[in-house]
A.B. asks: 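If you scroll down you'll find the structure; I have some questions about it.
Side chains included, hydrogens not; waters and symmetry mates left out as well; all remaining heavy atoms used. This is a predicted model, so every value here is computed, not measured. The first residue in the sequence is number 1, and the count goes up from there.
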Amino acid sequence: MKINTFISYLKIGFLLSLFASCNHAPSPTSPSRISLWVDMYHGEVTTFENVIEDLTQARVVYIGETHRIKRHHEWQLRILKGLHEKQKMLIIGLEQMEDIYQPQLDAFNRGELSFEELAEQTEWSKRWRNFRSYQPLVEFAQENQIPVVALNAKAEVIRKVGRHGLAALEDTERSLLPADIRWENDPQYRQLLDQLLMVHMPLTPEKLTPVFQAQVSRDEAMAENLVLALNARPNETIAIVIAGSGHMDYGLGIPPRITRRLGEHVHRILTFTNSGDLKLTEEEKKMTRSVQVSHDDLRFLTRPKSDYLLVTEAAENSEN
């Protein structure tokens, strides 16, 4: 799948020639690859230090990811450390942990469980394939008394919604989701996801409504769980949300649902380019179809993809 947003055409060599005097950083995974932070509102390259300084003013910081790209997780940890060095009160919200396991996560936060014990007691290896990608992040949090909050809804419930819709849930299943789930009045989010989700071979237009309801149900659950955690802490606390970028791109998904519950507040969204690092397995390739999303297809969106985008030089043999 190639999503032809304007940033896909930024060439690192061209950027370096324009901004040779700007600070730039090597990619954590591959020091020979250059990464540059771009302020998407001002249309300028900025420094990591400036990004961190701006994030200290926020109540919620969203850090998007492509789940299987190691570089994204390394930068998430670097951002967490940068904010911690500013001596800010922090909490971390994880999409990658279901809220039914918050008691086990609380025990880990208190230092009563090791990472391996947490993974075993939450069946993390079965419920999130690349769970070890988050080990450095949550262990740093544990060492520095930064609470971690499980944001996601129970996977089995979300899966049922995606197949049959919200109306198919039994009362006991529906009680595991927020009472207030608003999916019918979000036309931009629906239009964007309808375009992007068609990359999945089994999906047809008539199947998109329950899939969208599942996405929104997950967003609402993550928003509710984060706001409950924030409201239990001082107003100066900064929440760092770690989730797939599809839950926050263009300010859609989780952010407006947190604002609905928390009220107006300062927030920032950070995302990263894939830069050819996402490799599909042969099985995944069989389950996908080619989808071209042009600039014209995205012109209905009213804001940039994120506040800050980390542009990394394309990997060798990249198709991007």
Side-chain angles (χ1 to χ4, degrees), residues 1-8 40-41 59-66 93 95 151-153 157-169 174 177-227 241 243-271 288-309:
M1 177 182 68
K2 294 183 180 179
I3 299 173
N4 298 323
T5 59
F6 74 94
I7 202 65
S8 300
M40 298 289 279
Y41 277 92
R59 188 81 194 279
V60 183
V61 174
Y62 301 92
I63 308 180
E65 66 177 39
T66 299
E95 175 197 4
L151 296 184
N152 217 334
V157 174
I158 296 297
R159 194 153 45 239
K160 185 171 180 179
V161 175
R163 291 171 179 166
H164 307 292
L166 270 168
L169 295 181
R174 184 62 182 84
L177 296 174
D180 186 13
I181 295 179
R182 304 184 188 182
W183 64 273
E184 294 175 301
N185 58 347
D186 205 342
Q188 284 196 342
Y189 197 27
R190 177 67 189 264
Q191 186 174 345
L192 176 65
L193 288 182
D194 280 0
Q195 291 178 5
L196 301 184
L197 286 171
M198 288 307 293
V199 70
H200 298 289
M201 191 70 77
L203 282 183
T204 58
E206 59 270 17
K207 293 180 180 179
L208 287 173
T209 292
V211 171
F212 182 65
Q213 289 180 349
Q215 177 86 354
V216 171
S217 296
R218 195 188 301 270
D219 294 333
E220 296 280 17
M222 290 193 279
E224 184 159 285
N225 286 326
L226 188 82
V227 171
V241 176
S245 60
H247 293 284
M248 62 189 73
D249 284 347
Y250 306 102
L252 303 172
I254 306 172
R257 290 165 171 83
I258 286 182
T259 299
R260 195 175 83 233
R261 292 169 167 87
L262 188 64
E264 291 298 326
H265 61 282
V266 176
H267 69 270
R268 295 289 183 266
I269 301 172
L270 287 73
T271 55
T288 61
R289 59 166 69 93
S290 178
V291 173
Q292 300 292 331
V293 182
S294 71
H295 290 221
D296 292 332
D297 293 328
L298 297 174
R299 291 199 190 281
F300 68 92
L301 296 164
T302 56
R303 57 165 290 170
K305 186 172 185 178
S306 55
D307 293 277
Y308 297 101
L309 175 70

A.B. asks: Applying side chain to side chain donor-acceptor pair (under 3.5 Å), can you list everything that pairs with Ser306, at least two apart in sequence or on another chain?
C.D. replies: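 Scan of Ser306 (side chain to side chain donor-acceptor pair (under 3.5 Å), adjacent residues dropped) gives Thr271.
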A.B. asks: Please find the pair of heavy atoms, one from Met40 and one from Leu309, that lie closest to each other, and give the distance.
C.D. replies: SD-CB, 3.7 Å
A.B. asks: Mind checking salt bridge (charged side-chain N to carboxylate O under 4.0 Å, His left out) for Arg163 and listing every partner two or more places apart, or none if nothing turns up?
C.D. replies: none
A.B. asks: So how far is it from Ile158 CD1 to Leu177 CG, rounded to the nearest 0.5 Å?
C.D. replies: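 So the CD1 of Ile158 and the CG of Leu177 are separated by 5.0 Å.
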A.B. asks: Report the C-alpha separation of Leu298 and Gln195 in whole Å, then their side-chain angles, then the decisive distance to 0.1 Å, and conclude whether the side-chain contact (heavy atoms from CB on, under 4.5 Å) test is met.
C.D. replies: CA-CA 9 Å; Leu298 297 174; Gln195 291 178 5; 3.9 Å; yes
A.B. asks: State which residues pass side chain to side chain donor-acceptor pair (under 3.5 Å) with Tyr62; sequence neighbours excluded, sorted by chain then number.
C.D. replies: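 If we apply the side chain to side chain donor-acceptor pair (under 3.5 Å) test to Tyr62, skipping adjacent residues, there are no hits.
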A.B. asks: Look only at the side chain of Arg174 and the backbone of Ala179, and say whether a donor-acceptor pair between them is shorter than 3.5 Å.
C.D. replies: yes
A.B. asks: Between Tyr189 and Tyr250, does the ring centre distance come in under 6.0 Å?
C.D. replies: no
A.B. asks: If you round to the nearest 0.5 Å, how far is OG1 of Thr259 from NE2 of His265?
C.D. replies: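 Going from the NE2 atom of His265 to the OG1 atom of Thr259 covers 4.0 Å.
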A.B. asks: Can you name the closest pair of heavy atoms from Asn225 and Leu151 and give their distance?
C.D. replies: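 It is ND2-O, 2.8 Å.
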A.B. asks: Indicate the atoms forming the closest heavy-atom contact of Gln213 with Leu166, along with that distance.
C.D. replies: OE1-N, 2.9 Å
A.B. asks: Would you say Val241 and Met222 make side-chain contact, with heavy atoms under 4.5 Å?
C.D. replies: no
A.B. asks: Mind listing the closest non-hydrogen atom pair of Glu95 and Asn152 along with its distance?
C.D. replies: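 Closest pair (atom of Glu95, atom of Asn152, distance): O-ND2, 2.9 Å.
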A.B. asks: I'd like to check the salt bridge (charged side-chain N to carboxylate O under 4.0 Å, His left out) partners of Arg190; sequence neighbours left out, ordered by chain and number.
C.D. replies: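 Partners of Arg190 under the salt bridge (charged side-chain N to carboxylate O under 4.0 Å, His left out) test: Asp194.
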A.B. asks: Could you tell me whether the side chain of Lys305 reaches within less than 4.5 Å of the side chain of Asp249, counting heavy atoms only?
C.D. replies: yes
A.B. asks: If you compare all heavy atoms of Gly165 against all heavy atoms of Pro210, which two are closest, and at what distance to 0.1 Å?
C.D. replies: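 So the two residues come closest at N-CB, 3.7 Å.
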A.B. asks: At what distance, to the nearest 0.5 angstrom, does CZ of Phe212 lie from CD of Gln191?
C.D. replies: 11.0 Å
A.B. asks: Tell me the closest heavy-atom pair linking Leu192 and Phe300, and the distance in Å.
C.D. replies: N-CZ, 3.8 Å
A.B. asks: Can you measure from CG (Asp219) to CE (Met248) and round to the nearest 0.5 angstrom?
C.D. replies: 9.5 Å
A.B. asks: In chain order, what residues pass the salt bridge (charged side-chain N to carboxylate O under 4.0 Å, His left out) check against Glu220, with sequence neighbours excluded?
C.D. replies: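 Checked Glu220 against salt bridge (charged side-chain N to carboxylate O under 4.0 Å, His left out); matches are Arg257, Arg260, Arg261.
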A.B. asks: Out of curiosity, Thr302 OG1 to Gln188 CD, how far, rounded to the nearest 0.5 Å?
C.D. replies: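 Thr302 atom OG1 to Gln188 atom CD measures 4.5 Å (nearest 0.5 Å).
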A.B. asks: For Asp307, give me all partners under salt bridge (charged side-chain N to carboxylate O under 4.0 Å, His left out), at least two apart in sequence or on another chain.
C.D. replies: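 Result, salt bridge (charged side-chain N to carboxylate O under 4.0 Å, His left out) vs Asp307: Arg303.
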A.B. asks: So do Leu301 and Leu252 actually touch side chain to side chain, heavy atoms under 4.5 Å?
C.D. replies: yes
